[in-house]
Amino acid sequence: MKFVKLFEPLKIGNTEIKNRIVMPAMALNYTPNGFVTDKMINFYEERAKGGAGAIIVGGAQVEPRGGGPGMVAINDDKYIPGFKSIVDKVHPHGTKLFTQLYHAGAYSPTFNKEDPAVSASAVRSNLTKMVPKELTIEDIKVVLESHAKASERVRDAGFDGVELLGSAGYLISQFLSPATNKRTDEYGGSLENRLRYPLELIKLVKERVGKDIVVGIRVAGDDFVPGSNTYKEVATFVKYYAEAGVDFIDVTGGWHETRVPQIPMMVPQGGYAYLAENIRNVVDVPVFASNRINDPFIAEQILRDEMADAVCIGRSLISDPYLPIKAKENRIWDIRQCVGCNQGCFDNIFKMKSVECMRNPEVSREGNYDLNRKTDNPKKVLIIGSGPGGLEAARVATRVGHDVTILEKKNYIGGQANLSYVPPGRGQIRDVVDYYAAQIEHHNIDLQLETEATPEIINKFNPDAVIFATGVNHIIPDIEGIDGSLGTNIHLSDDVLSGDVPIGKNVVVVGGSGTGMETAIWAAEQGALDSDVARFISMYELMPRDEVYAKWLKGNRNVTIIEVLPRLGTNVGRTTRGFLIGHMRKLGVNIITSANIKKFDGKTIQYDVGGEIQLLENIDSVILATGVKPNTDLFDKIKASDPSFKIFKIGDCKKPRTMMEAIHEGFKTVFKIDS
Ligand SMILES: Cc1cc2nc3c(=O)[nH]c(=O)nc-3n(C[C@H](O)[C@H](O)[C@H](O)COP(=O)(O)O)c2cc1C
């Protein structure tokens with residue numbers, strides 16, 4: 001596919017962006033005191049160098065009570081010089097700059113009791129679980145004015161535009177929604193009244209800066225919240241916004257509190273572009289599509305299908321700042337697209353940490369490493385194991401000039417990652433493996449498959465450094481009855497997910513970690529109608545549509561998941577855990593927690609819940625997802641031999657953790673080789 005649309009310039013109000021790629025606002029947590037930092041400037045400069053058409057900085061808080069800790073601020077003139085520094089570094093690369101003016105209303109975490117979070121009405125927030133203060137008419141004027149002042153500061157700093165935050169359930173959404181706006185004055189009740197605040201805001205900001213810079217708005221394409229606005233109402237709101245003078249409309253999905261996944265991997269690529277199309281059909285200003293547009297081909301298709309005029313590429317510009325240039329130069333193999341894991345970005349935000357990226361260890365450390373600079377001290381490096389950590393070490397070590405060999409005992413690379421992408425909604429993990437396969441080929445890295453490393457092989461190789469990325473072994477719980485059945489009707493999750501072992505009708509997954517939950521979802525979808533088959537049956541009306549739908553949605557297995565802890569998914573990030581549980585519920589998976597398995601007995605499991613023994617009967621297949629432990633056998637042997645070369649352990653073979661930790665350790669270890 002040629003990128004015939006993606007690199008067309010786009011006129012937005014009184015400015016023009018050089019292509020259709022917009023980096024949307026993403027709070028980075030790089031600004032502990034609200035002031036722009038070098039870390040933040042370097043981050044944006046890198047994305048500008050990479051070829052983004054426009055970058056939306058922020059969200060930037062316009063009032064402390066509407067912001068949050070770690071956010072960049074624009075509520076005082078003292079913040080202007082920092083914003084100017086971003087302009088100085090970004091504009092020379094031809095990238096336009098907007099700032100998102102952020103007011104979370106009731107979604108703001110209320111740390112300050114004297115100045116609590118505010119909203120249209122004092123309705124308890126489903127996100128913060130707190131009750132905000134209702135804004136008085138006077139207060140509304142203050143909030144409007146703080147946005148207007150902030151927009152003037154953005155303009156004075158040399159930015160090209162501002163984006164008002166009318167999405168995700170923040171203050172504008174709270175005024176628009178009958179679920180959160182219970183006012184009886186002119187700001188509540190009728191559609192006209194609920195629209196009053198956003199329209200006053202647009203008009204005021206346009207009046208104050210509209211001649212100089214672009215003024216756009218981000219909207220929730222559908223709130224996805226019961227009793228709130230749907231795509232139908234939103235199609236009406238945006239007509240008023242356009243009339244009030246917005247220069248662009250940036251369309252995301254729903255509110256933060258929705259139970260519909262918005263950005264995790266399970267959201268199909270480009271899955272919310274239909275919401276942008278819904279709006280593009282009724283307004284004449286440029287419309288941006290957003291969410292899970294992580295790949296230039298998907299982006300190009302959305303533009304070709306006239307669903308949007310530009311695409312927001314958020315996390316994929318975190319994971320690969322150079323995605324635009326690589327797409328333009330047709331270096332697709334080298335693109336490290338976001339897979340939607342959220343491990344380094346959104347999950348870090350919830351932990352009050354700086355945004356990082358599972359795929360790109362340089363994020364938040366831009367400029368600290370130069371992979372184009374060759375080492376003065378090249379070494380012979382042996383990497384044992386080709387999971388993501390070992391592969392990242394191989395990629396980086398080769399880039400900086402070491403002589404690298406990978407030994408892999410299987411006849412393929414990727415290790416556990418090959419199983420991670422099997423469960424439904426996890427397929428994008430495959431991109432991690434594919435990316436490294438392309439890197440190995442392109443950099444001509446010596447990969448020796450089907451080669452099990454031994455101390456003899458390692459010593460014969462005469463390395464300067466050995467990186468052990470030997471992964472994990474399964475933990476088999478010491479429970480009565482397990483020995484006799486292992487391999488007959490009790491199987492390891494790896495053996496099942498790899499396709500080596502078929503599963504029966506009634507399935508029990510033991511262990512409710514991320515792997516257990518994903519395996520349960522996978523099992524519950526076995527036997528479901530394939531989408532193409534469902535489409536074919538529907539098109540020729542071979543079965544009533546509701547029956548096709550039921551057979552397409554769910555598989556034909558009965559699945560139970562059983563966990564000893566009171567909660568499932570304690571090792572899964574906050575942005576994904578709830579959705580995995582929701583997914584299991586939709587598939588009818590029977591969830592049992594706080595359950596201690598006492599005995600496996602043929603087709604029966606005995607377990608104890610709160611001192612009461614219960615039974616699961618007629619089980620055909622038991623799948624063990626009971627955890628893993630580091631595989632350090634080879635490392636221990638080599639260490640004990642007091643080797644003359646450096647040795648390192650990385651990733652799961654050091655301690656089983658996330659893929660992000662494995663990849664980041666692989667990256668960082670390279671810089672210890674010649675130190
Ligand atoms: C770490 C992080 C912070 C975000 N902060 C904001 C924000 O301040 N304002 C906003 O409108 N959206 C915010 N978003 C949402 C993104 O703008 C974008 O809509 C979302 O990541 C989906 O797009 P993507 O799949 O291309 O990443 C944030 C997303 C992430 C990952």
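Atoms within each ligand, like the ligands themselves, are counted from 1 in listed order. Only heavy atoms go into these numbers, but all of them, side chains included; no hydrogens, no water, no symmetry mates.
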For [atom], which protein heavy atom lies nearest, and how many Å away is it?
atom	answer
atom 27 (O) of ligand 1	Arg315 NE, 2.7 Å
atom 8 (O) of ligand 1	Gly59 N, 3.2 Å
atom 23 (O) of ligand 1	Asn291 CA, 3.5 Å
atom 20 (C) of ligand 1	Ile263 CG2, 3.8 Å
atom 17 (O) of ligand 1	Ala25 O, 2.7 Å
atom 19 (O) of ligand 1	Arg218 NH2, 3.1 Å
atom 29 (C) of ligand 1	Phe346 CE1, 3.4 Å
atom 26 (O) of ligand 1	Gly314 N, 2.8 Å

remark   = From the list Leu275, Thr252, Val267, side-chain contact (heavy atoms from CB on, under 4.5 Å) partner of Asn291 resolves to Thr252
message = Taking CZ in Phe3 as the centre, count heavy atoms belonging to other residues, nucleotides or ligands within less than 6.0 Å. Is the count above 12?
response = yes
request  = Give the contacting part of Gln262 toward ligand 1: side chain, backbone, both or neither, where contact means a heavy-atom distance below 4.0 Å.
outcome  = neither
Ile349 and ligand 1 - part of the residue with a heavy-atom distance under 4.0 Å = side chain
query = Got a salt bridge between Glu356 and Arg365, using NZ or NE/NH1/NH2 to carboxylate O under 4.0 Å?
reply = yes
ask   = Near Pro24, which atoms of ligand 1 are under 4.0 Å from a heavy atom of that residue?
value = 17 (O)
ask   = For ligand 1, which atoms sit closer than 4.0 Å to a heavy atom of Val355?
value =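 Going through ligand 1 atom by atom, the ones under 4.0 Å from Val355 are 1 (C).
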task = Have a look at Ser290, Ala27, Pro264 and point out the one with the heavy atom closest to atom 1 (C) of ligand 1.
result =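 Nearest heavy atom to atom 1 (C) of ligand 1 lies in Ala27.
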query = Quick one: do the Glu661 and Thr658 side chains pair a donor with an acceptor below 3.5 Å?
reply =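 Checked: Glu661/Thr658 side chains pair up, N/O donor to acceptor below 3.5 Å.
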ask   = Just by distance, with hydrogens left out, do Arg574 and Asn342 show a side-chain donor and acceptor under 3.5 Å apart?
value = no
inquiry  = I'd like to know whether the aromatic ring centres of Tyr369 and Phe667 sit less than 6.0 Å apart in this structure.
reply    =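 Yes, ring centres under 6.0 Å apart.
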query = Do Tyr30 and Tyr44 have their ring centres less than 6.0 Å from each other?
reply =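 Judged by ring-centre distance (under 6.0 Å), Tyr30 and Tyr44 do not meet the cut-off.
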ask   = Between CD1 of Ile318 and CG of Asn294, what distance do you get to the nearest 0.5 Å?
value = 12.5 Å
ask   = Can you list the steps and then say if Arg196 with Glu200 is a salt bridge (charged side-chain N to carboxylate O under 4.0 Å, His left out)?
value = CA-CA 6 Å; Arg196 194 174 306 281; Glu200 284 182 356; 5.1 Å; no
task = Establish, for the pair Arg153 and Phe83, whether the NZ or CZ atom is under 6.0 angstrom from the six-membered ring centre and no further than 45 degrees off its axis.
result = no
query = Is the shortest distance from a heavy atom of Leu165 to ligand 1 less than 4.0 Å?
reply = yes
Heteroatom proximity flag, Arg292 to ligand 1, N/O under 3.5 Å =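 By distance alone, the answer is yes.
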message = Check this for me - ligand 1, Tyr102, N or O atoms closer than 3.5 angstrom, yes or no?
response =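 So ligand 1 has no N or O lying under 3.5 Å from an N or O of Tyr102.
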